[in-house]
Structures are given as C-alpha cells and as structure tokens.
There are 2 protein chains.
Amino acid sequence: MPARTTPAASPVRLAAETWESLFRAQVAVMRRLQSGPAFKNLAVNEYDVLFTLSRCPSGWLRLNELNDNVLLSQSSLSRLVERLEKRGLVARMPAPDDGRGVLVKLTDDGAELQKQIGREHVRDIAELVAPALTAAEQRELLRLTEKLRTSLPR
Amino acid sequence: MPARTTPAASPVRLAAETWESLFRAQVAVMRRLQSGPAFKNLAVNEYDVLFTLSRCPSGWLRLNELNDNVLLSQSSLSRLVERLEKRGLVARMPAPDDGRGVLVKLTDDGAELQKQIGREHVRDIAELVAPALTAAEQRELLRLTEKLRTSLPR
DNA sequence: TCGATTTACATGCATTTGCATCTATCAGTT
DNA sequence: AACTGATAGATGCAAATGCATGTAAATCGA
C-alpha cells in the first residue's frame with residue numbers, strides 16, 4: 001500500500017490529484033483576490049466580462065463567445081450583461097450577420113473601469129504569485145495550464 | 001513593443017499571465033466536469049464539502065475549516081451544510097472544546113454518495129486531463145500548484 | 001421551398017448566494 | 001470578576017444564479 005505522500009501510482013489517480021491541486025490553488029488564490037478592495041464595486045464575474053471584452057481585438061464579442069470564458073450559465077450571463085448595460089459599462093447591438101445573435105462591447109466608462117480595476121488586480125496577483133514561485137516556475141505553470149486548456153475536447 | 005505571444009517581460013506581467021492561464025484552465029475543465037452526469041443530483045460545492053469531509057482523518061471538521069476549501073462565503077456555507085443535513089448526508093454537533101463552534105461529519109449515506117459520485121468524477125477528470133498532459137507534465141503541474149497554494153500568505 | 005431541427009438569446013420562477021447584522025462564546029486586560 | 005475586543009456561526013433580506021422553457025432566426029433535408 002503506497003504512502004499517502006507518494007505521487008499517484010495509477011494514471012487515473014495522477015490525473016485526479018493534479019486536477020484537485022489545480023482546483024485548490026485556484027480557490028485559495030481567488031479567495032484572497034476577491035476579498036481585496038479591487039472588487040468592492042464589481043463582482044469577479046462582472047470584471048471578467050469587462051476584461052475579456054478589453055482583450056478582444058475587434059472590441060465586439062458575441063454573448064456565446066463570452067460564455068466560454070466565464071463559469072456561468074447562459075441565462076446568468078445574459079442577465080449579467082443586462083446589468084452591466086444598465087450601469088453603462090457595456091453596449092449591446094444585434095449581430096449584423098445573425099439575427100439571433102447579440103454583440104457586446106465596452107463603453108468608454110466600462111473600458112476605464114476595467115483598466116482601473118485591472119491595475120489593482122494585477123498588483124494583487126503579483127503580490128500573491130511572485131513570492132510563491134520563481135520566474136521559471138511561473139513560466140512552466142503558464143505553459144502547462146495553457147496546454148491543458150487548449151488540449152481539452154471541443 | 002513586444003509581440004502578444006512573447007512570454008511576459010516584467011515580473012508583474014508574468015505573474016498576471018500565469019494566474020490568468022491557471023484560472024482559464026480551471027474554468028474550462030470545471031465547465032466540462034459540472035456538465036457531466038456526476039453532478040446531476042449534487043452541486044459541485046456540495047460535493048466538495050462531502051469530499052473534504054471524506055478526506056479528513058478524524059471524520060469531523062469545523063465549519064470554518066471547511067470554509068477554507070470551498071469558495072463560498074461563511075453564511076452560504078452555513079446554509080449549504082444545513083441543506084446537506086436536511087438531506088441526511090452530514091451530521092452536526094457542537095464542538096466539545098469551543099462553545100461557539102460546530103463540528104460536521106459525513107453520515108453513512110453521505111459517505112456512500114460521495115464515493116459513488118467520486119468514482120464518476122475521477123473518471124471524468126482522467127478523461128480530460130490524461131490526454132492533454134503527459135504523466136511528467138501532470139506531476140510538474142501538481143507540484144507547482146501545490147507549491148503555489150501552500151506558499152500563499154496566512 | 002417547405003417543414004423539422006438546431007442554435008442564440010431572453011424570461012418566469014424557485015433556489016442559492018452574499019452582505020450586514022445578530023447572538024453567543026472565547027481570549028486578553030485590568 | 002468585570003470589561004473590551006475578537007471569533008464562530010446563524011439569520012433577514014436583497015440580489016444573483018440555474019433550470020426549464022419561450023421566441024425567433026438560422027440550417028438542414030427532402
């Protein structure tokens with residue numbers, strides 16, 4: 001019987017323990033991030049939408065594209081964007097090439113708020129991650145998580 | 001101006017991109033996991049509580065200890081455990097050494113449900129993670145996320 | 001081209017969540 | 001012991017979330 005500290009014997013166990021560790025790390029970091037002052041006026045999911053829009057080259061994203069980045073149901077995202085629109089942080093318009101679709105983009109206010117919170121947020125992240133891992137380790141973690149994400153089915 | 005694909009120049013940028021990638025991977029994997037049949041009758045957070053209790057050597061955990069593992073507010077966890085108790089999956093008792101505290105443990109039903117869902121869950125995880133990363137990469141990802149989590153302040 | 005199926009998003013409704021606050025207990029000070 | 005502040009957990013209440021479903025537009029098949 002293997003000791004509890006032995007790195008997983010079977011492939012299945014190894015995969016499970018890897019995911020478990022990734023998930024716990026995410027929970028631990030996220031808990032600290034969201035308790036910071038950066039998210040006093042905007043929920044993490046809301047910031048995430050603004051952030052995703054800020055990274056989009058064209059500025060416009062479909063609702064279903066946004067939904068790939070956020071861990072929310074379709075209906076919840078729909079209403080989240082509705083709230084952001086009411087607050088004047090995003091604008092919506094019908095997709096020109098698809099009568100069912102909706103395009104979303106940041107307003108000037110939304111872009112400014114994203115940048116302001118983003119600066120604080122990045123600072124908070126660096127204060128947590130940089131002391132924990134060397135630069136080389138961070139690069140490796142970045143590579144592995146990116147590979148994991150892009151290798152998932154669909 | 002650095003190309004977008006260049007691995008972050010500054011330490012702050014590197015840390016931010018590392019976290020971003022870790023977070024996106026977590027979202028992508030979690031979305032696939034929670035859509036599976038394993039979580040038809042139990043929310044992920046609820047399973048997480050059962051799982052954490054199943055790993056605890058003594059069987060009993062304080063509510064505030066549970067709260068470290070789950071990304072939920074104190075009040076939400078309090079009510080989540082209340083619901084689990086109503087469903088007969090956990091039992092509570094006042095902490096013997098601290099009149100304010102509450103201890104929680106799995107009931108037999110809870111332990112059985114955890115094992116049953118756990119088996120499915122582990123299978124789902126392995127089907128996602130194993131094809132994406134080699135065993136060596138998984139071990140390295142496990143090591144890095146564990147180091148990150150355990151190196152966080154407090 | 002017409003009917004059937006699928007896709008994109010919105011909405012009604014019950015459940016879950018978080019914030020603020022409350023109570024009770026504990027720990028430290030005098 | 002009495003007082004002060006901190007900590008554990010519960011609860012009222014408003015807001016957010018997800019499920020099931022609805023509507024409309026696109027796609028597919030005959």
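Given the structure is predicted, the values throughout are model-derived calculations rather than measurements. Lettering of chains follows the sequences in order, A, B, ..., and the numbering in each one begins at 1.
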Can you tell me how far [atom2] of [N] sits from [atom1] of [X], to the nearest Å?
X: A:Arg154; N: C:dT7; atom1: CZ; atom2: P; result: 13 Å
X: B:Arg31; N: D:dT17; atom1: CZ; atom2: C1'; result: 13 Å
X: A:Asp68; N: C:dC9; atom1: CG; atom2: P; result: 11 Å
X: A:Leu72; N: D:dA15; atom1: CG; atom2: C1'; result: 14 Å
X: B:Leu80; N: D:dA16; atom1: CG; atom2: C1'; result: 16 Å
X: A:Asn64; N: C:dA10; atom1: CG; atom2: C1'; result: 14 Å
X: A:Asn67; N: D:dT17; atom1: CG; atom2: P; result: 12 Å
X: B:Leu71; N: D:dT17; atom1: CG; atom2: P; result: 13 Å

Flag if over 12 foreign heavy atoms under 6.0 Å of [atom1], [X]:
X: B:Asp108; atom1: CG; result: no
X: B:Asn41; atom1: CG; result: no
X: A:Glu112; atom1: CD; result: no

Seminar exercise, completed: Comparing nearest nucleotides in DNA chain D, the 5'-proximal residue of the pair B:Gln34, B:Glu65 is B:Glu65

Just to confirm, is there a sub-4.0 Å distance from OP1 or OP2 of [N] to any side-chain nitrogen or oxygen of [X]?
X: B:Ser73; N: C:dG18; answer: yes
X: A:Arg79; N: C:dC13; answer: no
X: A:Arg62; N: C:dT7; answer: no
X: A:Ser76; N: D:dA16; answer: no

Exercise. Any donor-acceptor pair under 3.5 Å between the side chain of A:Gln74 and the base of C:dA8?
Worked result: no

Exercise. Can you find a donor-acceptor N/O pair under 3.5 angstrom joining the side chain of A:Ser75 to the base of D:dC19?
Worked result: yes

For this session: Take B:Ser76 and B:Ser73 through the side-chain hydrogen bond (donor to acceptor under 3.5 Å, both in side chains) test and state the conclusion after the steps.
Result: CA-CA 5 Å; B:Ser76 297; B:Ser73 69; 2.9 Å; yes

Exercise. Of B:Lys105, B:Arg92, B:Arg79, which is the lone residue that meets salt bridge (Lys or Arg N to Asp or Glu O under 4.0 Å) with B:Glu85?
Worked result: B:Arg92

Exercise. Near DNA chain D, which residues from residues 37-53 of chain A have a heavy atom under 4.0 Å away?
Worked result: A:Asn45

Exercise. By a strict heavy-atom criterion of less than 4.0 Å, which residues belonging to residues 81-89 of chain B are in contact with DNA chain D?
Worked result: B:Glu82

Exercise. Do B:Phe51 and B:His121 have ring centres separated by under 6.0 Å?
Worked result: no

For this session: Taking the side chain as every heavy atom from C-beta outward, state whether A:Gln138 and B:Leu144 have any atom pair closer than 4.5 Å.
Result: no

Exercise. Can you tell me how far the CZ atom of B:Arg55 sits from the CD atom of A:Glu20, to the nearest 0.5 Å?
Worked result: 7.0 Å

Exercise. Reckon B:Leu77 touches a base, only the sugar-phosphate, or nothing at all at heavy-atom distances under 4.0 Å?
Worked result: nothing

Exercise. For A:Gly110 and A:Leu50, which heavy atoms make the closest approach, and how far apart are they?
Worked result: O-CD1, 4.1 Å

Exercise. Does any donor atom in the side chain of A:Ser78 or A:Ser75 lie under 3.5 Å from an acceptor atom in the other side chain?
Worked result: no

For this session: Take A:Arg62 and A:Val102, measure what side-chain contact (heavy atoms from CB on, under 4.5 Å) needs, and give me the verdict at the end.
Result: CA-CA 6 Å; A:Arg62 290 285 293 265; A:Val102 171; 5.9 Å; no

For this session: Give, ordered by number, those residues of residues 96-104 of chain B having at least one heavy-atom distance below 4.0 Å to an atom of DNA chain C; if nothing qualifies, reply none.
Result: B:Asp98, B:Gly99, B:Arg100

Exercise. Just by modelled atom types, is the A:Thr134 backbone N or O under 3.5 Å from a matching donor or acceptor in the A:Glu137 side chain?
Worked result: yes

